[in-house]
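One structure below.
A note on names: the letters A, B, ... follow the listed sequences, proteins ahead of strands, and every chain is numbered from 1. All of these numbers come straight from a predicted model, not from anything done at the bench. Heavy-atom basis, side chains included; hydrogens, waters and symmetry copies ignored.
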Amino acid sequence: MPKITLPDGNQLTLADGATVYDVAAAIGPGLARAAIGGAITFDGNRQLTDLNAPLPGDCRIELLTAKDDNADSLYLLRHSTAHVMAEAICKLYPDTQLAYGPPLEDGFYYDLHTSHAISPPDFERIEAEMQRIVSEDRKFCRYEMPRDEAMKKLEAEGNRFKVDNALRAEGGTLSFYVTGENRGQDWEDLCRGPHIPSTGVIKAFRIKQVSGSYYRGDVNEQQLQRVYGTAFFNKKALKQYEQQLEEAKKRDHRLLGQQLELFTINPDVGSGLVLWEPNGAIVRTMLENYVKMELILRGFEPVFTPHIGRLDLYRTSGHYPYYEDSQFPALYETDRGRALLCLRNLIRRAEEETGERKAEVAQQVKVFADAVAQAFGDFGGGDALDDPAKLSPVVEECLCHEEGYLLKPMNCPHHINIYAAQHRSYRQLPIRLAEFGTVYRYEQSGELGGMVRVRGFTQDDAHIFCTPDQVQAEIASCIELTQQVLSTLEFKDYRARIGLRDPESDKYIGAAELWEQAEQNLRDAAAASGLSATEEIGEAAFYGPKIDFVVKDCIGREWQLGTVQVDYNLPERFKITYVGRDNREHRPVMIHRAPLGSMERFVGILIEHFAGAFPLWLAPVQVAVATISEKSDEYAQEVHKSLVGAGLRVLLDDGSDKIGPKKHRLRSRKIPYILVVGENEAADRTVNVNDRDGASLGTFPLAAFIEGCILEIQTKGKQRHGALQEA
RNA sequence: GCUUCUGUAGCUCAGUGGUAGAGCGCGUCCUUGGUAAGGACGAGGUCAUGGGUUCAAGUCCCAUCAGAAGCUCCA
C-alpha cells in the first residue's frame with residue numbers, strides 16, 4: 001500500500017498497483033481528466049513518468065497537467081510531438097531511419113536519415129500528416145521487452161542508430177512506445193518515455209526548421225537531417241512564442257548594425273573582418289576608455305605589441321602546432337619553406353584520398369617532392385619519395401626548421417617576452433600587462449556570424465605574472481572586474497562556467513598536478529568571490545582551465561564574453577622566471593584574462609542587449625536638436641554650439657521637414673535626447689526635451705539640460721537630472 | 001568544413017523562359033510648420049560572379065563567392 005505525499009504536504013494511501021492516474025482520481029475527477037503525467041520522487045530521485053505508470057512505493061508525486069507554463073508538462077508534450085512528427089515523416093518518406101529525438105528547452109528535434117532532402121516547402125505536408133495523427137487522438141502505449149529479445153527485434157529492423165541507442169540504454173529490459181492501441185500495427189519507436197496519454201493532448205505545434213547534424217556529434221560519422229519543431233497545449237501559446245521570436249529578431253545586431261550604421265562587413269575586404277563605421281567606433285572607443293580607466297585603478301600597465309610574430313614564438317607556445325588549421329596561413333620566409341608547405345599539403349591530400357585518386361595524387365607528390373629537392377636542396381626525402389606516408393614525417397620535420405611569421409592568434413607570447421625583457425624579482429610581482437590586442441584566427445566559414453564570430457578581433461587582453469601565493473587573489477580581482485563591467489552595462493542575465501580539462505583528451509599540455517592546482521585555484525577564487533559557476537569538463541583552454549562569463553544573444557545562443565584563465569604551462573614553455581626571497585629562480589604563474597572578451601563580440605552582444613538604444617555615455621549621437629521651422633534656425637545653431645562646447649555628441653536637424661517626421665526619424669536612430677526648438681523656446685532660451693521612446697520630458701533651460709546630461713554621462717546612467725529622471 | 005535555404009535599386013522586398021518593378025530612403029523645387037510621415041519632379045540596376053542549356057535566362061542547370069539556420073570547432 002504505497003503512501004503518497006503531495007506537493008502541499010497532504011498524504012494519501014492507495015491500493016497496491018495504483019498508478020499516477022489513480023492519485024489524480026483520488027484527489028478529484030477534474031484533476032483526473034486534466035492530468036497528463038507525473039513527476040515522482042522516489043529514493044531521492046525525481047523522475048517524470050507516464051500517467052498510467054505504476055507507483056514504485058512510498059513516494060512524492062507532483063501531477064502534471066496540460067499547462068504551457070510548466071516545464072515538465074511541456075517536456076512530455078514535446079517529446080510526444082517528436083514521435084508524432086517522426087511517424088509523419090516515416091509515412092511520407094518510407095525509407096526514413098530514425099536516430100534520436102529529444103525534447104529541448106523550447107521545442108524538440110528528431111535526427112533522422114532519409115534519401116529525400118527535407119526542406120521548408122515539405123513542412124506543410126508533414127504538419128498536415130501530424131495533424132491527422134493528432135486528430136485520431138491515439139493513445140501512447142508503452143510495452144517492455146527483455147533486452148535480448150528487443151535487440152533481435154531491432155537488428156531485424158536494420159536501423160543501426162536504434163541498435164546503437166539500445167546498446168547504450170541501461171537495464172535488463174528495453175521499452176517501446178506504440179502510438180495507438182494496436183501493437184504490431186500502429187507506429188512505434190524504441191523510447192524510454194515518458195509520454196502524454198494520447199496524441200489529442202497536442203493542441204498546437206509547428207515544424208520550425210531543418211538542418212544537418214552529425215550522428216553522435218562526430219564529424220567523421222554519417223550526417224543526418226535534424227528537423228526542429230515545437231508544441232504547446234494551446235494555440236495562443238504557440239502564437240505568443242512565435243511573436244516573441246519575431247520581436248527578438250528585431251534586436252539582432254546584424255540588422256541594427258546596418259540600420260544604425262554601426263558596422264559593416266564586405267566580402268571585398270574579407271568575410272569575418274569587421275569594418276567599424278563611425279557610430280560603432282564611438283561605442284567601442286567609449287567602452288575601451290572605460291575599461292582602460294578600470295585597469296589603471298587596478299594596477300595594470302598598458303603595453304603595445306605588433307600584429308605578427310615569428311613562427312618559432314608560436315611553436316614554443318604551442319599555438320602554431322595546435323591550431324594551424326584555424327589560423328591564417330603562415331608567412332614562410334623562404335621559397336624553400338613555402339615549397340615544403342605546399343608539399344606537406346599535397347601529402348595530406350594524398351593521405352585523405354581513396355581509390356584511384358589516391359595513387360594519382362601519390363604520383364603528384366613524388367614529382368613535386370623531386371622538384372622541391374632539386375630546386376631548393378635535398379630535404380632528406382631519399383627513398384621515402386614513393387610513399388606519402390613515409391614522406392610525411394620527413395617533410396614535417398623539415399618544416400619545423402623553416403622560419404616565417406604568423407598573424408598573431410594570441411597576445412600572450414608577445415606579453416611573455418615583455419615580462420622576459422627584464423630580470424624579475426618577487427618584489428615586482430604581480431606584473432599586469434594589458435593591451436587591446438588584435439588577433440586573427442581563420443575560423444571555419446560556417447562559423448562566421450555578424451560581429452560575434454569573426455576572423456579578426458581585438459581582445460581587451462591582459463596577462464598577470466605572479467607567484468603561486470598570489471594566484472587566488474589575482475583571479476578574484478579579475479572576477480570582480482568582470483562583474484563590475486557587466487553590472488555597469490546592465491547585464492544581469494549571465495552565467496559563469498568553470499572550464500576543466502577532459503582527462504580523456506590529449507589536447508591539453510603540461511603535467512596533471514599543475515592542472516589540478518590550477519583548477520583548484522579557480523574553484524577557490526570563485527567560491528571566495530561568491531560566484532556561482534557550473535563546472536564543465538572539456539571546456540578548458542589547451543594550456544589551462546578557465547572561468548568564462550557566458551551570455552545569450554537575441555535568439556538564445558550562448559556566447560563566451562569575459563574569461564579568466566590560469567596557466568602554469570606557458571611560463572614553463574617559455575622558461576620565464578623571477579628571483580624569490582630565497583635568491584633562487586622560480587617559475588611565475590600566468591593569468592590570462594579579458595573582461596569583455598573581444599570588442600567585436602562584446603559590442604555585437606551589447607547592441608542586442610540594448611536593442612540599439614545605448615545609454616547616454618555610449619550613444620553615438622547623444623542629443624539631436626530639431627527645429628520647428630527656419631525661423632528658429634539661428635537659436636538652434638546656438639543650442640547646438642553650446643552642447644558641442646559641453647563635450648556632447650550632437651546632431652542638428654534643421655531640414656525642411658515638419659517636426660513630426662523629423663522626430664520620427666531621429667527616434668528611429670535611437671538618439672537618447674531629442675530637443676525640439678521653435679519660436680517659443682528661442683524666446684525663453686529653453687529646449688523642449690523628448691526621449692527616444694517618444695515621451696516628452698518637458699521644457700528646460702538649456703544650461704539645466706546640459707548639466708543633467710553631464711551628470712548622467714559621468715555616472716554612466718546611475719544618476720540623472722531630476723527632471724529627466726521621470727522618464 | 002558539412003547539410004539545407006537564400007542572393008534583384010542605399011534598405012525591405014515583388015517579379016509565370018519573352019523590353020527591370022514597388023514602398024521606404026536619397027536629390028531638387030514648392031510648402032514655414034508644434035511632436036509617428038504635406039506635395040511635385042528626379043536620380044539610382046552588368047538581377048552576387050563565372051560558365052552552360054535555349055531562338056531567347058533575373059527566371060532552368062553547374063561551379064565559385066557571400067549571407068542565414070543547425071551540426072562540428074572555438075587558443
Side-chain angles (χ1 to χ4, degrees), chain A residues 109 111 113 117-122 208-228 249 252 254-255 258-259 261 264-268 270-272 314 317-323 325-327 408-413 439 441-450 452-455 459 461 499 507-509 539-544 546 548 555 557 559-560 563 565 567 570 592 594 597-598 601 626-633 656-668 674-681 688-690 694-696 699:
Chain A
Y109 66 78
D111 277 351
H113 172 77
I118 297 172
S119 71
D122 301 321
K208 296 204 291 185
Q209 51 174 321
V210 60
S211 65
S213 74
Y214 299 107
Y215 181 55
R216 302 193 59 193
D218 183 345
V219 188
N220 301 312
E221 262 286 5
Q222 182 170 1
Q223 187 152 30
L224 304 171
Q225 300 191 57
R226 176 171 294 183
V227 187
Y228 286 86
K249 278 187 189 158
D252 191 312
R254 292 165 293 198
L255 190 67
Q258 182 187 64
Q259 282 170 5
E261 297 174 16
T264 184
I265 294 172
N266 186 328
D268 289 345
S271 61
Y314 288 99
S317 70
H319 290 101
Y320 186 56
Y322 267 79
Y323 291 105
D325 290 341
S326 45
Q327 284 162 352
K408 78 175 171 189
M410 285 286 275
N411 299 304
C412 29
V439 296
R441 299 176 187 174
Y442 195 79
E443 305 286 7
Q444 298 182 58
S445 60
E447 293 310 333
L448 300 174
V452 295
R453 193 78 190 266
V454 293
R455 286 181 173 162
Q459 297 175 310
D461 210 357
K507 82 169 213 187
Y508 305 99
I509 58 171
E539 288 293 319
F542 76 86
Y543 49 71
K546 56 183 184 159
D548 290 330
I555 52 174
R557 292 176 297 201
W559 298 95
Q560 172 199 316
T563 184
Q565 312 175 348
D567 178 8
L570 292 186
H592 310 236
S598 99
R601 178 175 292 178
T627 54
I628 297 285
S629 79
E630 282 173 25
K631 288 176 192 154
S632 22
D633 276 1
S656 65
D657 281 321
K658 289 214 222 176
I659 191 64
K662 235 183 224 187
K663 191 175 158 189
H664 174 70
R665 253 199 299 281
L666 294 168
R667 278 182 57 197
S668 73
I674 299 165
L675 306 184
V676 174
V677 168
E679 289 175 277
N680 301 340
E681 288 77 13
N688 177 258
V689 183
N690 298 262
S696 174
T699 301

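Between B/G17 and B/C61, the distance separating the two C1' atoms is 14 Å to the nearest Å. Straight-line distance between the P atoms of B/U12 and B/G50: roughly 23 Å, to the nearest whole Å. Between B/G51 and B/G70, the distance separating the two C1' atoms is 31 Å to the nearest Å. For the C1' atom pair drawn from B/U31 and B/G18, the interatomic distance equals 45 Å after rounding to whole Å. Here, B/G44 and B/C26 have their C1' atoms 9 Å apart, quoted to the whole Å. Nucleotides B/C11 and B/U53 place their P atoms 34 Å apart, quoted to the nearest Å. Here, B/A68 and B/A9 have their C1' atoms 22 Å apart, quoted to the whole Å. Nucleotides B/A40 and B/G23, compared at atom P, are 11 Å apart to the nearest Å.
Protein atom CD of A/E443 is 17 Å distant from nucleotide atom C1' of B/G67, rounded to whole Å. Between A/E447 atom CD and B/C71 atom P there is a gap of 10 Å when expressed in whole angstrom units. In this structure, CD of A/E630 is placed 11 Å from P of B/C29, rounded to the nearest angstrom. Nucleotide B/A75 holds its P atom 7 Å from the CD atom of A/Q560, rounded to whole Å. Between the CG atom of A/D252 and the P atom of B/G67 there is a distance of 14 Å, given to the nearest Å. The distance from atom CE of A/M410 to atom C1' of B/C74 is 11 Å, rounded to the nearest whole Å. Across the protein-nucleic acid pair, A/L666 atom CG and B/A36 atom C1' stand 12 Å apart, rounded to whole Å. The CG-P distance, from A/N411 to B/A75, rounds to 15 Å in whole Å.
In this entry B/U64 has B/A48 as its Watson-Crick or G-U wobble partner, both defining distances falling under 3.5 Å. Applying the Watson-Crick and G-U wobble criteria (two distances, each under 3.5 Å), B/C55 pairs with B/G18. Searching all strands for a Watson-Crick or G-U wobble partner of B/C71 with both distances below 3.5 Å returns B/G1. When both pairing distances are held under 3.5 Å, B/G27 makes a Watson-Crick or G-U pair with B/C41. Using the Watson-Crick or G-U wobble rule with both distances under 3.5 Å, B/U32 pairs with nothing in any strand shown.
Dashed line: the shortest gap from a side-chain N or O of A/R665 to OP1 or OP2 of B/A36 is not under 4.0 Å.
Nearest nucleotide to the side chain of A/Y214, out of B/A36, B/G70, B/C71: B/C71. Listed nucleotides B/G34, B/A75, B/C71 differ in distance to A/N680; the shortest reach to its side chain belongs to B/G34. When distances run from any side-chain atom of A/E681 to the nucleotides B/G34, B/U4, B/A75, the shortest one goes to B/G34. If you check B/G34, B/U32, B/C71 against the side chain of A/K631, the one that comes closest is B/U32. Taking every side-chain heavy atom of A/P267 into account, B/A66 is the closest of B/U3, B/A66, B/G34. Comparing B/U35, B/C5, B/U32 against the side chain of A/P120 picks out B/C5 as the nearest. Comparing atom distances between the A/K546 side chain and each of B/U4, B/A36, B/A75 picks out B/A75 as nearest. Listed candidates were B/C74, B/U4, B/U32. Nearest to the side chain of A/S119 is B/U4. For A/Q258, the side-chain atoms get nearest to B/U12 when compared with the rest of B/A75, B/U3, B/U12. With B/A75, B/G70, B/G34 as the candidates, the nucleotide lying closest to the side chain of A/Y228 is B/G70.
A/K249 comes within 4.0 angstrom of no nucleic acid atom, judged by non-hydrogen atoms across all strands. Using a 4.0 Å heavy-atom distance criterion, A/L224 is classed as making no nucleic acid contact. Base contact: A/S445 has a heavy atom under 4.0 Å from a base atom. Residue A/Y543 is in sugar-phosphate contact alone, with no base atom involved, counting any heavy-atom pair closer than 4.0 Å across all strands shown. Among the heavy atoms of the strands lying under 4.0 Å from A/S326 is at least one base atom, whether or not backbone atoms are also near. Contacts of A/D657 with the nucleic acid, taken as non-hydrogen atoms under 4.0 Å apart, are absent. Within 4.0 Å of A/G450, counting heavy atoms only, lie sugar-phosphate atoms of the nucleic acid but no base atom. A/I674 comes within 4.0 angstrom of no nucleic acid atom, judged by non-hydrogen atoms across all strands. Residue-level contact check: A/R557 touches the backbone only, with heavy atoms under 4.0 Å from sugar-phosphate atoms and none from bases. Across all strands, A/G446 comes closer than 4.0 Å to base atoms (heavy-atom distances). Residue A/E261 is classed as having no contact, given no heavy-atom separation below 4.0 Å to the nucleic acid. Note on A/S656: a base of the nucleic acid sits closer than 4.0 angstrom, heavy atoms only. Residue contacts for A/R453: at a heavy-atom cut-off of 4.0 Å it reaches a base atom on one of the strands shown. In this structure, A/I628 reaches the bases: a heavy-atom distance under 4.0 Å links it to at least one base atom across the strands shown.
Along RNA chain B, the nucleotide nearest A/Q444 and the nucleotide nearest A/G449 are compared for position; the residue whose nucleotide lies closer to the 5' end is A/Q444. Two residues, A/N688 and A/S213, neighbour RNA chain B, and the one matched to the more 5' nucleotide by heavy-atom proximity is A/N688.
Taking 4.0 Å as the cut-off between side-chain N and carboxylate O, A/D111 and A/R226 count as a salt-bridged pair.
Inspection of the A/Y214 and A/Q222 side chains reveals no N or O donor paired with an N or O acceptor under 3.5 Å. Checked by atom type, the side-chain pair A/K408/A/Q327 shows no donor-acceptor distance below 3.5 Å. Residues A/H592 and A/D567 bring a donor and an acceptor atom of their side chains to less than 3.5 Å of each other. Under 3.5 Å, the side chains of A/H113 and A/Q225 contain no donor-acceptor pair of N or O atoms.
Close placement of the A/F542 and A/Y323 rings is indicated, their centers lying within 6.0 Å of each other.
Here the side chain of A/D252 pairs no donor or acceptor atom with the backbone of A/K249 at under 3.5 angstrom.
Shown here, B/G44 is classed syn by the O4'-C1'-N9-C4 or O4'-C1'-N1-C2 angle, which is within 90° of 0.
Atoms CD and CD, on A/Q560 and A/E539 in that order, are 8.5 Å from each other to the nearest 0.5 Å.
One can find a donor-acceptor pair under 3.5 Å joining the base of B/A36 and the side-chain atoms of A/R667.
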Item to complete: With salt bridge (Lys or Arg N to Asp or Glu O under 4.0 Å) as the test, would you mind laying out the steps for A/D218 and A/R216 before giving the verdict?
Response: CA-CA 5 Å; A/D218 183 345; A/R216 302 193 59 193; over 6 Å; no
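Counting heavy-atom neighbours within 6.0 Å of A/K507 NZ, excluding the residue itself, gives a total above 12.
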